[in-house]
Amino acid sequence: MEVLADASDDWRLETRCCLARAEDRVPPSALVRFEYLNQGGANVIFKILPCWDASVEPGPPFFFMDSKLNGTIASPVHRESLLNQVLRVNKGLDKTLRCNKVISGFYKHVQPLFIPGAIDILLADSTTSESKVFSFTLPDRDLTKHLMEHRGVMLYSSVMEDLTSKTDAIIAESRPDSSAIRQRTSNRWGICLPDMSPMAGSSVTLEVKPKWLAQSPTAPADAKRCRTCALQVAKPKDGIKYLCPLRLVEGEFDDIYTWVLAQVDEQLAGSVLEPTKHHVELSAQIASQITSYLTVGHGRTLLLHLKLLQTQLDPQGVLRRDSVSLHSRALFDRNLRLAMTLRDCSLYVKVGYTTSKMDAAIIDCRLGDLDFKSPDKMDDWMDKESDLIKHAAYSRDNEADLGCVLPRSGVAPG
């Protein structure tokens, strides 16, 4: 069996390969098909379904194999272990990390932030203009249960042909040795991740974008709003669904319940032809449980941990990068990339329910989109922060009430 090059990282020692069905000896219990689910800015997500599922368009069945790097040990994977996962495939855009790099960065740099240990951080010396390196001890708690296992998947050309037939979002990866048509469907790495999408009639999923859980270190002293709200003022979008992220860590139950309820209502309403009194009560019950989870439960612990990491990894702000000495620049850049990674992640809270009530025992909270940011983003971050300050997005009056917690919390820039 062929193995792709560049297999030096530990996570590649056991690779899950997805192949087209090549012979009759593959057991029927291993056969699956793919269904387009959704897409983000850099990736496309596919659901993994049984090959006989009525919702899947006709096409060739596929199977997964768990194999060692040398290719001498390989066995088909039973589909039951795959149906609760999704397949993520990179679109092939410039300035986006390929799946193999995403997995490597996740396990090398991101995952260690959620287990007990220490990290090196830069802090400005109060007596000089220089920054000094300090060791910061992470809290003595293991939060890796909230992370998603990233399983590398080697996707062969026959698989890519099927996936690209379901969406035109996957483009050719630029390589000088082949044509664009061949590169769009040539071998590519993918990632198997837990499926956190809602299922009509049995679960809802609240997706929270924590964003900046603390004020920007370079925000002006007269700021009237937090960094995320400033960006919302500068480039408004999704105003109805917008939530000031400071409410997640500074607010209480009533600060986010209405917002959570609206998201739950929308999902439950989509699962029935006409909402009934029962669905209204069920929606309120689920929303109350999720809100409590985020304000006093394990979800709050996770959010406060994200805030702690953001402030410790980026205490100075991207605009002060040029003032950092060259010998500290590498650590500054690495930590800033990590902080921005944590500001661009998604928090998923998946809650199970039955036709009669919420199943309180079934609540799953995971962090997704934890791709270690590329250093190519540095200039973009600097330009965006400069523009927010230049155009007074932090401090100018704004007709729309974004519900920013900053004025009442007294949070000051770092």
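Not measured: the values here are computed from a predicted model.
- Across Tyr394 and Ala230, no two heavy atoms sit closer than the pair CD2-CB, 3.7 Å.
- Distance CG/Leu282 to OG1/Thr354: 7.5 Å, rounded to 0.5 Å.
- Dense packing is recorded around NZ of Lys209, with more than 12 heavy atoms of other residues, nucleotides or ligands lying under 6.0 Å away.
- The shortest heavy-atom contact between Asp140 and Pro116 is OD1-CG, 3.5 Å.
- Under a 3.5 Å cut-off, the side chain of Thr205 and the backbone N or O of Met196 do form a donor-acceptor pair.
- More than 12 heavy-atom neighbours from other residues, nucleotides or ligands sit within 6.0 angstrom of NE2 on His78.
- Looking at Arg329, its side chain does come within 3.5 Å of a backbone N or O of Val324 through a donor-acceptor pair.
- Between Cys244 and Cys404, the shortest heavy-atom distance links the atoms SG-CA, 3.7 Å.
- In plain terms, the two heavy atoms of Gln310 and Ala214 that are nearest each other are OE1-N, 4.2 Å.
- Counting only distance, with no hydrogens or angles, the side chain of Arg188 and the backbone of Asn90 share a donor-acceptor pair below 3.5 Å.
- Side chain of Ser323 to backbone of Arg320: a donor-acceptor contact under 3.5 angstrom is found.
- Aromatic rings of Phe114 and His146 (six-membered ring for Trp) have centroids beyond the 6.0 Å cut-off, not under it.
- Counting only distance, with no hydrogens or angles, the side chain of Tyr348 and the backbone of Val208 share no donor-acceptor pair below 3.5 Å.
- Taking CD1 of Ile48 as the start and CG of Leu37 as the end, the distance is 11.0 Å to the nearest 0.5 Å.
- At distances below 3.5 Å, at least one donor-acceptor pair connects side-chain atoms of His305 with backbone N or O atoms of Leu113.
- Under the 3.5 Å distance criterion, with hydrogens and angles disregarded, a donor-acceptor pair is assigned to the side chains of Lys91 and Gln39.
- No side-chain N or O of Asp66 forms a donor-acceptor pair with one of Ser75 less than 3.5 Å apart.
- For Phe34 and Phe62, the gap between ring centers is short of 6.0 Å.
- With a 4.5 Å cut-off on side-chain heavy atoms, Thr295 and Asp255 do not count as touching.
- Contact of the Met160 side chain with the Val89 side chain is registered, since non-hydrogen atoms from C-beta on lie closer than 4.5 Å.
- In summary, the side chains of Thr144 and Gln111 do not present any donor paired with an acceptor at a separation below 3.5 Å, with no hydrogens or angles considered.
- Separating the OG atom in Ser203 from the OH atom in Tyr353 is a distance of 7.0 Å, to the nearest 0.5 Å.
- Taking 4.0 Å as the cut-off between side-chain N and carboxylate O, Asp371 and Arg88 count as a salt-bridged pair.
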Inset, instruction - May I have the step-by-step check of salt bridge (charged side-chain N to carboxylate O under 4.0 Å, His left out) for Arg227 and Glu385, ending in yes or no? - result: CA-CA 9 Å; Arg227 199 274 187 184; Glu385 184 71 0; 3.4 Å; yes
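- Legend: salt bridge (Lys or Arg N to Asp or Glu O under 4.0 Å) pairs involving residues 339-351, not counting sequence neighbours, sorted by first then second residue: Lys211-Asp344, Asp314-Arg343, Asp344-Lys373.
- A cation-pi arrangement, defined by a distance under 6.0 Å to the six-membered ring centre and an angle within 45 degrees of its axis, is absent between Arg321 and Phe332.
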Inset, instruction - Given salt bridge (charged side-chain N to carboxylate O under 4.0 Å, His left out), test Lys224 with Asp222 step by step and report yes or no. - result: CA-CA 6 Å; Lys224 296 178 180 179; Asp222 63 344; over 6 Å; no
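- In this structure, Arg300 and Gly251 approach most closely via the heavy-atom pair NH1-O, 4.3 Å.
- Judged purely by atom type and a 3.5 angstrom limit, His150 uses its side chain to pair as donor or acceptor with the backbone of Met148.
- Using modelled atom types, no side-chain atom of Glu35 and backbone atom of Phe46 make a donor-acceptor pair closer than 3.5 Å.
- Without hydrogens or angle criteria, Gln215 side chain to Arg225 main chain gives a donor-acceptor distance under 3.5 Å.
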Inset, instruction - Please lay out, stage by stage, how Glu266 and Lys241 fare under the test salt bridge (charged side-chain N to carboxylate O under 4.0 Å, His left out). - result: CA-CA 11 Å; Glu266 182 178 352; Lys241 293 186 177 181; 3.3 Å; yes
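- Although no hydrogens or angles enter the test, the distance criterion places no donor-acceptor pair under 3.5 Å between the side chain of Asn43 and the main chain of Gly40.
- Minimum interatomic distance between Tyr242 and Cys229 (heavy atoms only, all atoms of both residues): OH-SG, 3.1 Å.
- From Leu331, atom CG reaches atom CG of Leu122 across 4.5 Å, with rounding to the nearest 0.5 Å.
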